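Quick notes on the structure that follows.
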Amino acid sequence: MEFTVTKSDLVRELGLSQGVVEKKTTIPILSNVLVEADGEKIVLTATDLELGIRCSCTARVSKPGAGTIPARRLLDYVRLLPEADISVKIGDNQWANLLCGRSRTRIAGMSRESFPELPAMPEVLAEIPISVLTSMIGRTIFAISSEESRFTLNGALVVLRENGVTMVATDGHRLAMTETVIELPEVRGTYRALLPRKAMSEVLKLGQESDLDAPLKFSGDDNHLFFQLGQRLLISRKLTGNFPDYERVLPKEHANSVALGRDELRASIERVSQFSDERSHAVRLRVSPGELRIYSSLSETGESEESLPVEYGGPQVEIGFNAQYLIDFLRAVPTDAVTFSFRDAQSAGEMQPSGGVEGQVYRYVIMPMRV
Amino acid sequence: MKTYFHVDMDAFFVSVEEIFDPSLKGKPVVVGGGPDQRGVVSAASYAARKFGVHSAMPLRTAYQHCPHAIFLEGHPHRYREYSEKVFRALNRFSPQVEMASIDEAYLDLTGTERLHGRPLKAAHELHEAIRRDTALNCSIGIATSRMLAKVASDQAKPNGILWILPGQEAAFLAPLDVRKLPGVGKVTERRLAEYGIRKVGDVARLEPAFLERHLGEWGAALAGKAQGLDAGGWFEGEVGAREDPKSISHEHTFAEDTTDAELLESTLAKLSQMVSRRLREHELHARTVQLKLRYSDFSTITRALTLERTTQLDIDLIEHSRLLFRRNWTGEAVRLLGVQASSLDRDEGQLDLFEGERTRRWRKALGAVDQLRDKFGESVVSVASGLKGVYEEKTHENPAGLPGRRRRKE
């Protein structure tokens, strides 16, 4: 195999594979990127068996063929090369020879025979503008559980209907749910799948590399989900198991609510939380007529308190929350004002963008802390 | 200046047994189990003590010392019931009561002279009140520190009252063996003997710095104790303001080593229930569960698991201790099983979105169960998996349910 490619093309496409290649070296071939040269382009494929990515760029192929090269090492090296053409040649001995200007390097590769076969993309289920998907991911991904034992919560539930997309993520303490109204005429009935967190962050990366309106082709087979954006294809294994019945925990109504400025609230919580318990991150919110008081209890580091004026005439309620959970939402919510709804110190509270966003639902349900 | 009482019931378990079986009176009685059983003496009557039997001695050794003694399994629920009676009598006297174990308590009677009169008069009234309510004898030590009150009650036994006059602390302690000081065990006694220190007075004459150099921080506390002061460990702190425990555990030694998985798991369930009950009593929530497994050859392993959320519920402790057991048991015969809860916190912490309802329902059910157990004994209610693990609760000094530790919230 022999081809010539520009440095910038190679760096860009290799960059996309970095989140996918296996970090641990338990299966050495998975640390490598598969390079296939044919016709006018090269195709780069990386996988860790959970996730796979295939991308391509134009190249002058003088001798078609395939081989695998350690992905990390290749990218680290190529990045350091000057902006110029790089010619790559892989011989029968699996060594990759790179030539660029006056630089010459040999990298030990491995035979392509042992590289796993990625599944083929089935019939497209839906076409969604990438920006719709990435903004929904941005509003939910932080609520995904990092507890490995709660594996059904290690991703988000994605529901497709002919009139919209729903995405839900929870770690058992808080839950982020977002819906976007969009015509998906190809979807019949309801399609549900659990999308792993890692796949979600790779979709975000794909989104950064493309136009906002670029249509993302989505489909799935029994075990995999497929996301095709232009020449790039991301394949993820589905999470298995039952996602909890999230509709049950979405509060039907709230006893009380207050409207707050997003940035003000966030800044206050961030300041107060500097003095919250390091392990629990607990802060207390006390809502009383005309005032929201945010404070931390006395810990070894000190204590802190903030007061925000609010329009509120209900009973005084005091609730403890993990400050980080509140901040996560305030970082993700797109509107300048948010509505905080609550009942008492034991019941779920909820945050929403004030006034709502046309064609969108965004709800964030958060359980209190008893402190 | 403080005035502390230390009330110590005389041969408590034995005395309670005598109430139910007066024929035991005056005879050598050993509570703790049969003479050929594993386990240790929980209590011995004064008649048995004359033969050298004392608590914590292996039952088989006790039998060698005093073969004609009457050996009893004991009735933990009776002791609890009587302990509760004692506590109520004490509580009428002062709100500042702390049960240090099932049969002894500290009272802070500082500043109550106008209410109760001089300490000695107050002590006599208290002594009478306990006698009237429980038909049991106790001994009372009165002093300016809790440590000294404890030493005094010991010197007053049986059925006596001893008041160490303020200013006389060191003089009272000086002739006593160092072993009489709470916290001085065999090991410390031996180390002190190496320096020729045998009496408390010998300790009092030494520079605290010398003791600290040779015995560490503990030595400094010992120097304080020799002067009659509350020093070291939990003696530092107010009566009733005891610190929360760092961990709560229960263990069970099988009468015969066993490989019966069902019996082992149900015993585990039973132990877990006892631990979670005590968590609820202390109003604490645990984040770590630890399993202790001792095999026939005395090799012992402990394995711990951190929970995703804090708990004080039986079901959570049962589930996780069982998980640990299934992961770690080699299948060999087991001698002892233990369950420990640690990383304890007053606050429940983060509530769960999906489990909230379940937790509330369990808590309500277990609250009712705890009340039943308070009333009718530990074995009256159990989760089904604990049924086979129901063994006669061993009589020991640290049972579930010390009086005065009832939950106050909710």
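As the structure is a computational prediction, the values presented were derived from the model and not from experiment.
Under the side chain to side chain donor-acceptor pair (under 3.5 Å) criterion, Arg262(A) pairs with Asp336(A), sequence neighbours left out. By the side chain to side chain donor-acceptor pair (under 3.5 Å) test, Glu350(A) pairs with His254(A), Arg363(A), sequence neighbours left out.
Residues Tyr246(A) and Leu353(B) form no side-chain contact, since every pair of their non-hydrogen atoms from C-beta on lies 4.5 Å or further apart. The closest side-chain heavy-atom distance from Leu351(B) to Arg370(A) is below 4.5 Å.
Neither the backbone nor the side chain of Ser347(A) comes within contact range of chain B; no heavy atom of the residue lies under 4.5 Å from a heavy atom of that chain. Only the backbone of Arg174(A) has a heavy atom closer than 4.5 Å to any heavy atom of chain B. Contact of Asp245(A) with chain B is made through the backbone alone, with heavy-atom distances under 4.5 Å. Only the side chain of Tyr325(A) comes within contact range of chain B, with heavy atoms under 4.5 Å apart.
Within 6.0 Å of CG on Asn242(A) lie no more than 12 heavy atoms contributed by other residues, nucleotides or ligands. Applying the 6.0 Å contact sphere to CZ of Arg331(A) captures more than 12 heavy atoms from other residues, nucleotides or ligands.
With values rounded to the nearest 0.5 angstrom, Asp277(A) atom CG is found 8.0 Å from Asp345(B) atom CG.
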Worksheet item: Asp352(B) and His173(A): side-chain contact (heavy atoms from CB on, under 4.5 Å), yes or no, with the steps?
Response: CA-CA 5 Å; Asp352(B) 196 283; His173(A) 301 154; 4.3 Å; yes
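Formation of a donor-acceptor pair under 3.5 Å by the Gln350(B) side chain with backbone atoms of Met367(A) is found in this model.
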